[in-house]
2 protein chains.
Amino acid sequence: MTEPPHAVDPVQLGAYFALVEVSDLLRYAIEQQLREAGGLTFVRFQILMRLRLSPTGSHRMTDLADAIVHSRSGLTYQAGLLEKAGLVARAPSVDDERGVTLTITEAGRALVARVLPGHEEVVGQMLFEPLSRADAQRLADLLGPVRDHMRAAPPRSGRARRRRT
Amino acid sequence: MTEPPHAVDPVQLGAYFALVEVSDLLRYAIEQQLREAGGLTFVRFQILMRLRLSPTGSHRMTDLADAIVHSRSGLTYQAGLLEKAGLVARAPSVDDERGVTLTITEAGRALVARVLPGHEEVVGQMLFEPLSRADAQRLADLLGPVRDHMRAAPPRSGRARRRRT
DNA sequence: TCTACTTGCTTCGAGTTCGAAGCATAGCTA
DNA sequence: TAGCTATGCTTCGAACTCGAAGCAAGTAGA
C-alpha cells in the first residue's frame, strides 16, 4: 500500500496558499507603481525587462511568450502596443522568415531606467522587508528548483503538452 | 551615509523572479485542470473554496474580495456567474442592509468535491514534487510572514491606501 | 521536388479584469 | 435629528487575456 500519489498535507497547503497570496499582493502593488511611474502594466514591463537584459536587446516572440508565461496571441497584442508607443521595434527574424524579433528601442531603455528604481523599491518593501539576506537566499534556493521542475515537466500525466496559441 | 533604502541585490532578484515565474506557471497549470475537471476558473474556484472553508459556508463580498485579492467589481461579476450556475446564493447581509453575503450551495460543495482531488494532484506535482517536507515547511515559514507584512503595510510611503473598487 | 506535417505569428470573438462613477445604507457629529 | 462622510455593492466602458482558426514559411519523407 502506498500513499495517494500527490496528496497535499496541511503544511504544503499553507505554503501553497501563502505563495498564491504573496504573488497576487505583490503583483497588485507592482501594477500600481508601474502605472503611476510610467503608464506601464506588469506584462509590458516584463517584456521590456527581458529585452533589456538580453545582450542584443532582442528576443523572438515565442521565446518571450514562454519566458513571461503569456499566450502568444496576448504577446502579439502587447507587442503591438509597445511598438506603437515606440518602445520596441518589430522585425522579421533573420534566420527564419516566419519569426518576428522584438528589439527594445532607446526610448524603451529610457522608460525602463525611469521606472526601475521605484519598482525595486516596491519589491524591496513588499517582499524583502520581512526577509533577511539568508531568508532571501533560502527562498531563491527553494523556488529555483521548483521553477525548473515546472518548466521541464509535462503538466498532465501521459498526455502531450499543448503549447499555447 | 546609509544604503539606498530598498535596493534589490542579485540574490533577492533571483528569488523575486523565481517567485513570479513559479506562481505564473502554477496558475496556468491549475487553470487547465480546473477547466477540464469542472469548467471552473481559478478565481471561481478560490471563491468556492473560501466559502467552503468557512464554518457558515458564507462570506461578505468585501471580505471575499480582499481574501482572494480581487477587485470588488470583478467579484460582483464572478458572484453573478456563480449564482446563475447555482453554485452560490446571494442574500443581503443580516446586520448591514448594504452588504451582500455569499453562501455556497450543495451544488457548489459537490463541485468542489469533484475537482479538488485533481487540483491537489496538480499542486502536488507542480509545486511540491521537488520539495521535501522540510522544504515545504521552510517555504511556508518564509512566505507566511511576507504575506502578513504585505497585508499590513501601506503599499506606498506616506500616502493613504486606496481601496479597490 | 512534391506533399504532408510542423512551427511562428496574427486575427478574431468571447470572456474577464479593472477603476471610476453611481446609488443606497450606516455611522458620526453638531 | 439633520447633514456629512464613510462604506458596500453594482454598473459601465475600456483594456486585456485566452484559445481556436487561419496563413505563411520551414522541414522531412517519398
Side-chain angles (χ1 to χ4, degrees), chain A residues 24-25 27-36 39-47 58-85 88 90-102 155 160-165, chain B residues 24-25 27-36 39-47 58-85 88 90-102 155 160-165:
Chain A
D24 282 350
L25 290 165
R27 178 162 307 216
Y28 180 70
I30 288 172
E31 294 265 8
Q32 301 305 312
Q33 185 270 323
L34 288 176
R35 191 142 67 102
E36 291 176 17
L40 281 176
T41 62
F42 188 42
V43 170
R44 286 199 276 278
F45 175 71
Q46 284 187 100
I47 295 169
S58 309
H59 274 304
R60 308 259 327 245
M61 294 284 284
T62 291
D63 301 337
L64 217 39
D66 288 343
I68 66 172
V69 191
H70 208 70
S71 69
R72 283 104 214 284
S73 50
L75 183 58
T76 295
Y77 175 74
Q78 292 296 344
L81 294 182
L82 287 168
E83 185 184 35
K84 207 180 313 181
V88 307
R90 263 204 278 208
S93 300
V94 288
D95 53 335
D96 185 340
E97 197 63 26
R98 296 166 301 176
V100 169
T101 297
L102 235 54
R161 161 138 67 164
R162 270 200 319 271
R163 290 182 75 204
R164 306 175 93 166
T165 59
Chain B
D24 282 351
L25 290 166
R27 178 162 307 222
Y28 180 68
I30 288 172
E31 294 266 7
Q32 300 305 310
Q33 186 270 324
L34 288 175
R35 191 140 69 101
E36 291 177 17
L40 281 176
T41 63
F42 188 41
V43 171
R44 287 198 275 276
F45 175 70
Q46 284 186 101
I47 295 170
S58 307
H59 275 303
R60 309 254 330 242
M61 293 284 285
T62 291
D63 302 337
L64 216 40
D66 287 344
I68 67 171
V69 192
H70 209 69
S71 68
R72 283 102 211 287
S73 51
L75 183 58
T76 294
Y77 175 74
Q78 292 296 344
L81 294 181
L82 288 168
E83 185 184 35
K84 205 180 316 182
V88 307
R90 264 202 278 208
S93 300
V94 285
D95 54 334
D96 185 339
E97 198 62 27
R98 298 166 299 177
V100 168
T101 297
L102 235 54
R161 160 138 64 165
R162 270 201 318 272
R163 290 182 76 206
R164 307 174 93 165
T165 59

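In the text below, chain A, chain B and the rest are named by the order of the sequence lines, each starting its count at 1. No experiment lies behind these values; they were computed from the predicted model shown.
Shortest non-hydrogen contact noted between A:His70 and A:Val43 is CE1-CG2, 3.8 Å.
Annotation: side chain to side chain contact (heavy atoms under 4.5 Å, CB included) contacts of B:Ser73 (sequence neighbours excluded): B:Ser71. Checked against side chain to side chain contact (heavy atoms under 4.5 Å, CB included), A:Arg98 has the following partners two or more places apart in sequence or in another chain: A:Asp96. Here A:Arg60 pairs with nothing under the salt bridge (Lys or Arg N to Asp or Glu O under 4.0 Å) rule; sequence neighbours left out. Among residues two or more places apart in sequence or in another chain, the side chain to side chain donor-acceptor pair (under 3.5 Å) test is passed with A:Asp63 by none. Contacts of B:Thr165 classified as side chain to side chain contact (heavy atoms under 4.5 Å, CB included), with partners at least two apart in sequence or in another chain: none. B:Arg72 pairs by the salt bridge (Lys or Arg N to Asp or Glu O under 4.0 Å) definition with B:Asp66, not counting sequence neighbours. With sequence neighbours excluded, the residues forming a side chain to side chain donor-acceptor pair (under 3.5 Å) with A:Glu83 are A:Arg90, listed by chain and number. Judged as a side chain to side chain donor-acceptor pair (under 3.5 Å), and not counting sequence neighbours, the contacts of B:Gln78 are B:Arg44.
Going from atom CZ of A:Arg164 over to atom C1' of C:dG8 covers 16 Å, rounded to whole Å. Here the C1' atom of nucleotide D:dT17 and the CZ atom of A:Arg27 are 13 Å apart, to the nearest Å. One interatomic measurement links the two molecules: CZ of A:Phe45 to P of D:dC16, which rounds to 17 Å at whole-angstrom precision. Per the geometry, CG belonging to B:Leu34 stands 19 Å off P belonging to C:dG15, to the nearest Å. Look at CD on B:Glu36: it is 11 Å from P on D:dG19, rounded to the nearest Å. The CZ atom of A:Phe42 sits 18 Å away from the C1' atom of D:dA15 (whole-angstrom rounding). Protein atom CG of B:Leu102 is 16 Å distant from nucleotide atom P of D:dG8, rounded to whole Å.
The side chain of A:Arg60 contributes an N or O atom lying less than 4.0 Å from OP1 or OP2 of C:dC9. The side chain of B:Tyr28 contributes no N or O atom lying less than 4.0 Å from OP1 or OP2 of D:dT17. For A:Arg44 and D:dT17, the shortest distance from a side-chain N or O to OP1 or OP2 is not below 4.0 Å.
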Atom pairs, N/O to N/O, protein against nucleotides 25-29 of chain C, distance under 3.5 Å?
residue : atom : partner : partner atom : Å
C:dT25  : O2   : B:Arg98 : NE           : 3.4
C:dT25  : O2   : B:Arg98 : NH1          : 3.2
C:dA26  : OP1  : B:Glu97 : N            : 3.1
C:dA26  : O4'  : B:Arg98 : NE           : 3.4
C:dA26  : O4'  : B:Arg98 : NH1          : 3.3
C:dA26  : O4'  : B:Arg98 : NH2          : 3.2

Check against side chain to side chain contact (heavy atoms under 4.5 Å, CB included), B:Val100 and B:Thr76
CA-CA 10 Å; B:Val100 168; B:Thr76 294; over 6 Å; no

Between B:Gln46 and B:Leu34, is the side chain to side chain contact (heavy atoms under 4.5 Å, CB included) condition met? List the steps.
CA-CA 11 Å; B:Gln46 284 186 101; B:Leu34 288 175; over 6 Å; no

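Recorded end-axis angle for the helix from C:dT1-D:dA30 to C:dA30-D:dT1 stands at 20°, based on five pairs per end and rounded to 10 degrees.
Near DNA chain D, defined here as any heavy-atom distance below 4.0 Å, the residues from residues 64-85 of chain B are B:Arg72, B:Ser73, B:Thr76, listed numerically.
Comparing atom distances between the A:Arg35 side chain and each of C:dT10, C:dG19, D:dA20 picks out C:dG19 as nearest.
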